[in-house]
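Comments concern the structure below.
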Amino acid sequence: MRLTPTSDTIAAVATANGRGGVGIVRVSGPAVGAIAAAMLGRLPSARVATFAEFRDAAGSAIDVGIALHFAAPHSFTGEDVLELQGHGGPAVLEALLARTLELGARRANPGEFTERAFLNGKLDLAQAEAVADLIDAGSQAAARAALRSLQGEFSRRVHALDEAVIGLRVWVEAALDFPEEEVDFLADRDLQARMVTLRADFDAIEAAARQGRVLRDGMTVVIAGPPNAGKSSLLNALSGHDTAIVTPLAGTTRDVLRERVDIDGMPLHVLDTAGLRVTSDAVELEGMRRARLEMTRADRVLFLVDAATDPAATAYVTERATLPAAVPVTLVLNKIDLASEPAPGAASEDGVECLRISAKTGAGIDALRAHLKACMQFLPPDTGTVSARERHLSSLRTARTHVEAAYRNLLDTRAGELVAEELQCAHRALGEITGEFHADDLLGRIFSSFCIGK
């Protein structure tokens, strides 16, 4: 189900805020011809860069530059599109935009150009989301993954999965439609083999999508532990520069410090937090409250202890009951350069993984980076990764659950109606990824996160 495209004309500044050599005002909709005639004197030939004056209502030049016309349906939005490429001063661009509004356009909402491309069938929903992912990409690997999705690679893999589900539905429903046949279609070993192949196909696409989600959203790590364990030093070691103030005084960090780090293409969002200890200081108490809140939102907690003064990690033993149960923890023994004897390096008594490092000398930091990549099952870039979001993974998991239920029904009960129903639910979940099935509020959430003019 797709919404009906609107018939009004929209306009927006399509380049980033601020001053620049070139700025672009983009217009899309049925009034493009009239707007071009009023501002340029005529509608330029399609796909021909045309030098022109951009005129106001009195006929005076607002700016001079290049006009580009893309005729429907051969444009990004599928509608008539006009781009006015002028000088990139904010005052100039606002004057050009104001003139298009005088001539019948309205200001575009965030992401409305891409939304129209989706509604007009130029992009499916996964491709539309990849536009924003490509703009927001924080690394070359993320940009390449987003481009693959924009070019339709992810959608093609989802469609191939969906076609396999539909093929199984056809088989099962044929068995239901012809019950008088002597052949038991549901007992056919080929049907079971196709089910097994489908499950393997889910494994492959989920792995690629998981990598895409990691490239897009990254991993959020909270560094926690007692004061003076070296949390700020570890943040500096991971980031490669002095982000946090480091002093011998306990309680130096009282708020949450955030730093984005790139580990071989994987975005890592590192949060340094206030030291955990018993105190009556109101500021420290607030800092610890924020630290515990951030831990509940993290993908992993790095609990840091001082290996020189606390080789048995008693600080962790004291705090572990207060750590969020749903968030995995890695115990990190820091300051091994000062430890008089080797600290335990295998695991703590409750089985949590333990690493030994020195944030000061860098010992063990590479092993910590490798550990974090392994925790997210991060693969080397350019392994067919596609840009994906949490909603894509959720839909894939839902579809996978229904396929697994269909397989169990096939083996245990041979209840064809139940098998067919589960496969239909899987088909619908896959359709939500590309937008064949969607809720209007989902579109609103997706496109409102885009920038204006895209």
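Using a 4.5 Å heavy-atom cutoff, the side chains of Arg107 and Leu101 are in contact. Inter-residue side-chain proximity for Leu302 and Val270 is flagged as unmet; no heavy-atom pair is nearer than 4.5 Å. Between Glu112 and Arg106, some side-chain heavy-atom pair lies under the 4.5 Å cut-off. The side-chain heavy atoms of Leu430 and Leu396, taken from C-beta on, include a pair separated by under 4.5 Å. Side-chain contact between Val332 and Tyr316 is absent, with no heavy-atom pair separated by less than 4.5 Å. Annotation: side chain of Met266 is not in contact with side chain of Arg369 (no heavy-atom distance under 4.5 Å). Side-chain contact between Phe70 and Thr77: absent, with no pair of heavy atoms (C-beta onward) separated by less than 4.5 Å. Leu234 is not listed as a side-chain neighbour of Lys231, based on a closest heavy-atom distance of 4.5 Å or more.
Between Arg277 and Glu284, at least one side-chain N (NZ, or NE/NH1/NH2) sits under 4.0 Å from a carboxylate O, which counts as a salt bridge. Taking 4.0 Å as the cut-off between side-chain N and carboxylate O, Glu319 and Arg292 count as a salt-bridged pair. For Asp133 and Arg389, the salt-bridge test passes: some basic side-chain N is under 4.0 Å from an acidic carboxylate O.
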Run the salt bridge (Lys or Arg N to Asp or Glu O under 4.0 Å) check on Arg300 and Glu353 step by step: do they pass? CA-CA 12 Å; Arg300 181 164 288 266; Glu353 189 162 1; 5.7 Å; no
Audit row: Arg144, Leu147, side-chain contact (heavy atoms from CB on, under 4.5 Å) steps and yes/no: CA-CA 5 Å; Arg144 286 191 290 270; Leu147 184 59; 5.6 Å; no
Candidate pair Phe378 and Met219, rule side-chain contact (heavy atoms from CB on, under 4.5 Å), full reasoning: CA-CA 10 Å; Phe378 184 71; Met219 179 185 191; over 6 Å; no
Evaluate the criterion side-chain contact (heavy atoms from CB on, under 4.5 Å) for residue pair Val222 and Val327; output intermediate values, then yes/no. CA-CA 10 Å; Val222 170; Val327 180; over 6 Å; no
Going through the distances and angles, do Phe76 and Leu123 end up as a side-chain contact (heavy atoms from CB on, under 4.5 Å)? CA-CA 9 Å; Phe76 176 72; Leu123 302 169; 4.1 Å; yes
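Between the CD atom in Gln424 and the CD1 atom in Ile166 there is a gap of 11.0 Å [rounded to 0.5 Å]. Interatomic distance, Ser387 OG to Asp136 CG, rounded to the nearest 0.5 Å: 9.5 Å. Summarising the geometry, atom CG belonging to Asp299 is positioned 9.0 Å from atom CG belonging to Asp217; distances are rounded to the nearest 0.5 Å. Between the CG atom in Leu323 and the CG atom in Leu276 there is a gap of 8.0 Å [rounded to 0.5 Å]. Going from atom NE2 of His87 over to atom CD1 of Ile62 covers 14.0 Å, rounded to the nearest 0.5 Å. Interatomic distance, Ile263 CD1 to Leu268 CG, rounded to the nearest 0.5 Å: 4.5 Å.
Atom CD of Gln140 is surrounded by 12 or fewer heavy atoms from other residues, nucleotides or ligands within 6.0 Å.
Here the closest heavy-atom approach between residue Leu393 and residue Glu206 is recorded as CD2-O, 4.1 Å. In terms of heavy-atom proximity, Gly225 sits nearest to Phe303 at CA-CZ, 3.8 Å. Across all non-hydrogen atoms, the minimal contact from Leu333 to Ala313 is CD2-CB, 4.2 Å. Taking both residues in full, the closest heavy atoms of Ala130 and Leu150 are given as CB-N, 3.5 Å, listed atom of the first, atom of the second, then distance. A pairwise comparison of heavy atoms in Arg116 and Gly29 identifies NH1-CA, 4.4 Å as the closest pair. Shown here for Ala224 and Met295, the closest heavy-atom pair between the two residues is CB-SD, 4.0 Å.
Cation-pi check for Arg99 over Phe54 is not met; the charged atom does not lie both under 6.0 angstrom from the ring centroid and within 45 degrees of its normal.
For Arg19, there are no salt bridge (Lys or Arg N to Asp or Glu O under 4.0 Å) partners, not counting sequence neighbours.
Side-chain N or O atoms of His269 include none that pairs as donor or acceptor with a backbone N or O of Ala298 at under 3.5 Å. Looking only at distances, a side-chain donor or acceptor of Arg156 sits under 3.5 Å from a matching main-chain atom of Gln151. Side chain of Asn334 to main chain of Ala229: a donor-acceptor pair is present (N/O by atom type, distance under 3.5 Å, no hydrogens or angles). With hydrogens and angles ignored, the 3.5 Å screen pairs no side-chain donor or acceptor of Asn120 with any backbone N or O of Glu79. Judged by distance alone, the side chain of Glu294 and the main-chain N or O of Ala291 form no donor-acceptor pair under 3.5 Å. Looking only at distances, no side-chain donor or acceptor of Ser394 sits under 3.5 Å from a matching main-chain atom of Glu390. Looking at Thr273, its side chain does come within 3.5 Å of a backbone N or O of Ile223 through a donor-acceptor pair. Judged purely by atom type and a 3.5 angstrom limit, Asp310 has no side-chain atom pairing as donor or acceptor with the backbone of Asp306. Of the possible polar contacts, one joining the Gln211 side chain to the Gln377 backbone as a donor-acceptor pair under 3.5 Å is found. When atom types are taken as modelled, the side chain of Thr100 and the backbone of Leu97 share a donor-acceptor pair closer than 3.5 angstrom.
For the residue pair Arg297 / Thr220, no side-chain donor-acceptor distance below 3.5 Å is found, with atom types taken as modelled. Looking only at atom types and distance, the side chain of Thr361 has no donor-acceptor partner in the side chain of Asp337 under 3.5 Å away.
The side chain to side chain contact (heavy atoms under 4.5 Å, CB included) test with Leu93 is passed by exactly one of Asn17, Val25, Ile24: Val25.
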Below 3.5 Å, can you tabulate the donor-acceptor pairs from side chains in residues 401-408 to any protein atom, sequence neighbours excluded?
residue, atom, partner, partner atom, Å
Thr401, OG1, Arg397, O, 2.9
His402, ND1, Glu422, OE1, 2.7
Glu404, OE1, Arg199, NE, 3.2
Glu404, OE1, Arg199, NH2, 3.3
Glu404, OE2, Arg199, NE, 3.3
Glu404, OE2, Arg400, NE, 3.0

